[in-house]
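Reviewing the structure listed below.
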Amino acid sequence: MTVFADLDIHPLLLKSLDQMGFEEPTPIQKDVLPIAKTGKDVIGQAQTGTGKTAAFGIPLIEKMEQETRLPQGIVLAPTRELAIQVAEELNKIGRYSSVRALPIYGGQEIGRQIRALKNRPQIIVATPGRLQDHMRRGTIKLSDINTVVLDEADEMLSMGFVEEIEEILESVPDNRQTLLFSATMPPRLQSILNKYMNDPAQVKVKAKEMTVANIDQRYVEVHERQKFDTLCRLIDIHSPELAIVFGRTKRRVDELADALFQRGYEVEGIHGDLPQNKRDKVIQKFKSKRIEILVATDVAARGLDVSGVSHVFNFDLPQDPESYVHRIGRTGRAGKHGVAFSFVTPREKEHINVIEKTTKKKMTFEKAPTLKDASEGRQQQAAEQLTEVIENEEFASLTEKAEELLGSYDAVTLVSAALKLASKEPGKEVSINLTSEPPVRIKHGKGPKGGGGYKGKGGYRGGGKPRSNDRRGRPGSSDNRRSRPEGKKKDFAFAAKRRKG
DNA sequence: AAAAAAT
């Protein structure tokens with residue numbers, strides 16, 4: 001077995017790695033580290049959750065000189081959250097070597113970033129657009145850059161960052177080292193590599209390690225209108241440590257987060273229309289476990305690394321199988337076991353096959369839990385709560401009352417009543433509206449062309465029933481909801497049968 | 001058709 005100490009890493013970095021709980025290097029780290037140290041360009045084909053950040057972070061930090069005025073390293077990331085997270089991890093790794101990384105991303109007050117830049121971080125972790133902004137303002141100078149890291153390169157490309165990336169790569173010194181990480185290698189990416197990388201070494205993490213070995217993938221067949229209750233029941237049964245629920249649209253995420261909140265769960269929603277400071281706060285809250293459920297669009301599908309995510313729920317199937325792989329990769333991290341549930345409406349059923357083909361792993365069918373299953377789950381939890389109180393809390397002041405009660409009832413009755421109290425279904429009466437989403441589109445089997453996605457021909461549009469026009473008011477709890485053409489979507493009472501006046 | 005990202 002290899003340990004980090006075998007890899008010729010600076011003692012101050014070893015110390016922080018040890019504190020972070022890193023013992024054994026992951027395959028990508030083992031392969032990338034020695035090559036990157038020589039200064040050679042590296043292409044790493046690996047997904048998130050494989051320890052990528054440390055794989056480039058360790059050599060990057062070792063290379064930084066502390067006494068320089070200008071930034072020496074740049075990491076480009078596709079999303080703002082990822083930029084923040086990578087910077088955080090680099091700062092942890094570099095904790096004792098006084099190397100600092102600063103995240104630079106859109107949506108944050110630029111004056112603040114300019115002030116932070118005055119502290120001379122050696123490493124900038126940026127989303128491409130905002131970095132360009134700083135370049136134009138002259139607030140970030142690239143003349144001393146000796147290393148560029150492109151993280152999730154395929155993703156940056158598919159998000160349309162090609163020009164930005166090219167401009168940035170044109171603006172940094174030619175003799176820099178370039179490290180590129182990507183889950184896939186589309187041809188467009190290949191042409192960038194040829195142009196901007198210098199005789200790169202290729203490192204591939206083998207397919208087995210790349211996929212999702214320790215994620216238990218299950219699917220549940222549910223009708224659209226049963227999804228919400230099914231979700232609540234599954235949450236009650238499994239009581240996740242942390243869970244991410246993926247919805248298909250921003251609006252859907254808002255509504256779903258509202259609905260779960262009404263049911264008494266500690267939950268927040270996140271999507272790209274929220275102001276950036278709100279997004280940052282939500283992620284912080286989730287990481288620190290002040291909320292148990294994060295409802296998200298695909299903004300959180302990639303790269304997000306929160307330890308303790310035990311469950312991922314695909315409330316709506318993702319648009320393509322690649323996105324599925326990213327989404328479920330939010331769980332089962334750092335060698336832990338994770339469970340991913342995907343809700344499939346009857347019309348979407350054949351997507352399961354496409355997903356299985358992509359992941360090369362069978363999903364298990366699971367029957368939608370019944371009310372009874374859910375209440376048994378809650379009972380189980382209530383029992384656990386009770387045990388925890390007994391073991392960890394003071395309740396000497398309650399014994400008098402307890403003995404009084406024991407005078408009137410037997411122990412079994414009393415404990416049963418306590419369990420009942422603790423396992424009450426929360427907030428059943430609230431009225432919840434959730435807009436119906438059309439099913440993910442199904443590729444009709446018109447020819448064997450299907451290279452990847454299940455997007456393509458044959459939309460739902462022709463087959464859908466005519467929708468009624470009666471829209472009812474929803475509680476306007478979010479200011480981020482965009483109006484839609486009247487009558488295009490239909491509301492219906494989702495969770496509760498009763499509707500309040 | 002959705003989402004992400006610079007304002």
Side-chain angles (χ1 to χ4, degrees), chain A residues 48 75-86 103-114 124-140 150-168 244 246-256 269-280 283 295-304 314-324 326-327 347-348 351 435-443 453-464 480-482 484-485 488-489:
Chain A
T48 46
V75 181
L76 291 178
T79 68
R80 299 167 180 179
E81 276 72 21
L82 192 57
I84 295 170
Q85 181 181 294
V86 168
I104 289 289
Y105 52 93
Q108 195 190 43
E109 199 197 326
I110 196 148
R112 191 170 154 175
Q113 290 177 354
I114 292 171
I124 307 286
V125 186
T127 48
R130 183 53 77 90
L131 176 60
Q132 277 191 312
D133 195 357
H134 279 280
M135 285 159 60
R136 290 196 189 113
R137 288 165 189 259
T139 41
I140 293 183
L150 305 175
D151 198 8
E152 312 249 329
D154 51 351
E155 203 41 42
M156 290 200 279
L157 242 59
S158 71
M159 278 164 62
F161 280 136
V162 193
E163 283 166 30
E164 285 87 344
I165 289 172
E166 292 204 281
E167 195 196 309
I168 292 166
I244 303 180
F246 284 103
R248 197 152 78 88
T249 63
K250 297 169 194 170
R251 170 189 187 148
R252 177 83 147 181
V253 164
D254 281 337
E255 291 171 354
L256 195 45
I270 188 168
H271 57 65
D273 274 1
L274 295 179
Q276 189 58 42
N277 60 0
K278 173 77 178 165
R279 279 166 64 172
D280 296 351
I283 295 286
V295 185
T297 59
D298 279 332
V299 70
R302 303 182 193 246
L304 189 72
N314 287 313
F315 193 82
D316 302 313
L317 280 186
Q319 297 293 315
D320 52 82
E322 284 76 25
S323 172
Y324 172 87
H326 284 290
R327 282 182 178 187
R347 305 168 63 172
E348 295 169 334
H351 291 342
T435 310
S436 159
E437 288 279 308
V440 162
R441 291 191 292 166
I442 297 177
K443 187 186 74 182
Y454 38 66
K455 45 179 143 191
K457 353 203 155 224
Y460 64 88
R461 202 163 282 282
N480 275 289
R481 210 165 271 151
R482 288 191 301 196
R484 294 283 158 101
K488 209 179 164 194
K489 300 274 163 88

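Reminder, nothing fancy here: chain letters follow the sequence lines and each chain counts from 1.
Atom P of nucleotide B:dA1 and atom CZ of A:Arg252 are separated by 18 Å, given to the nearest angstrom. Spacing between atom CD of A:Glu155 and atom P of B:dA4 amounts to 12 Å, rounded to whole angstrom units. Remark: C1' of B:dA4 and CZ of A:Arg279 are 8 Å apart, rounded to the nearest angstrom. A straight line from CG of A:Asp298 to C1' of B:dA5 spans 15 Å, rounded to a whole angstrom. The interatomic distance linking A:Arg136 (CZ) with B:dA6 (C1') rounds to 9 Å, in whole Å. Atom pair A:Asp154:CG and B:dA3:P shows a separation of 20 Å (rounding to whole Å applied).
Side-chain contact, A:His326 with A:Asp298: no donor N or O sits under 3.5 Å from an acceptor N or O.
In this structure A:Gln132 satisfies the side-chain hydrogen bond (donor to acceptor under 3.5 Å, both in side chains) test together with A:Glu167, sequence neighbours excluded. The side-chain hydrogen bond (donor to acceptor under 3.5 Å, both in side chains) check on A:Arg80 picks up A:Gln276, with sequence neighbours excluded.
Under 4.0 angstrom from either OP1 or OP2 of B:dA1 there lies no side-chain N or O belonging to A:Thr249. Contact annotation: A:Arg80 reaches the phosphate of B:dA6 (side-chain N/O to OP1 or OP2, under 4.0 Å). Distances shorter than 4.0 Å separate none of the side-chain N or O atoms of A:Ser158 from OP1 or OP2 on B:dA4.
Residue A:Gly160 is classed as having no contact, given no heavy-atom separation below 4.0 Å to the nucleic acid. Contacts of A:Arg137 with the nucleic acid, taken as non-hydrogen atoms under 4.0 Å apart, are absent.
Checking B:dA5, B:dT7, B:dA2 against the side-chain heavy atoms of A:Arg130 singles out B:dT7 as nearest.
The closest donor-acceptor contact from the side chain of A:Arg252 to the backbone of A:Asp316 lies at 3.5 Å or more, if one exists at all.
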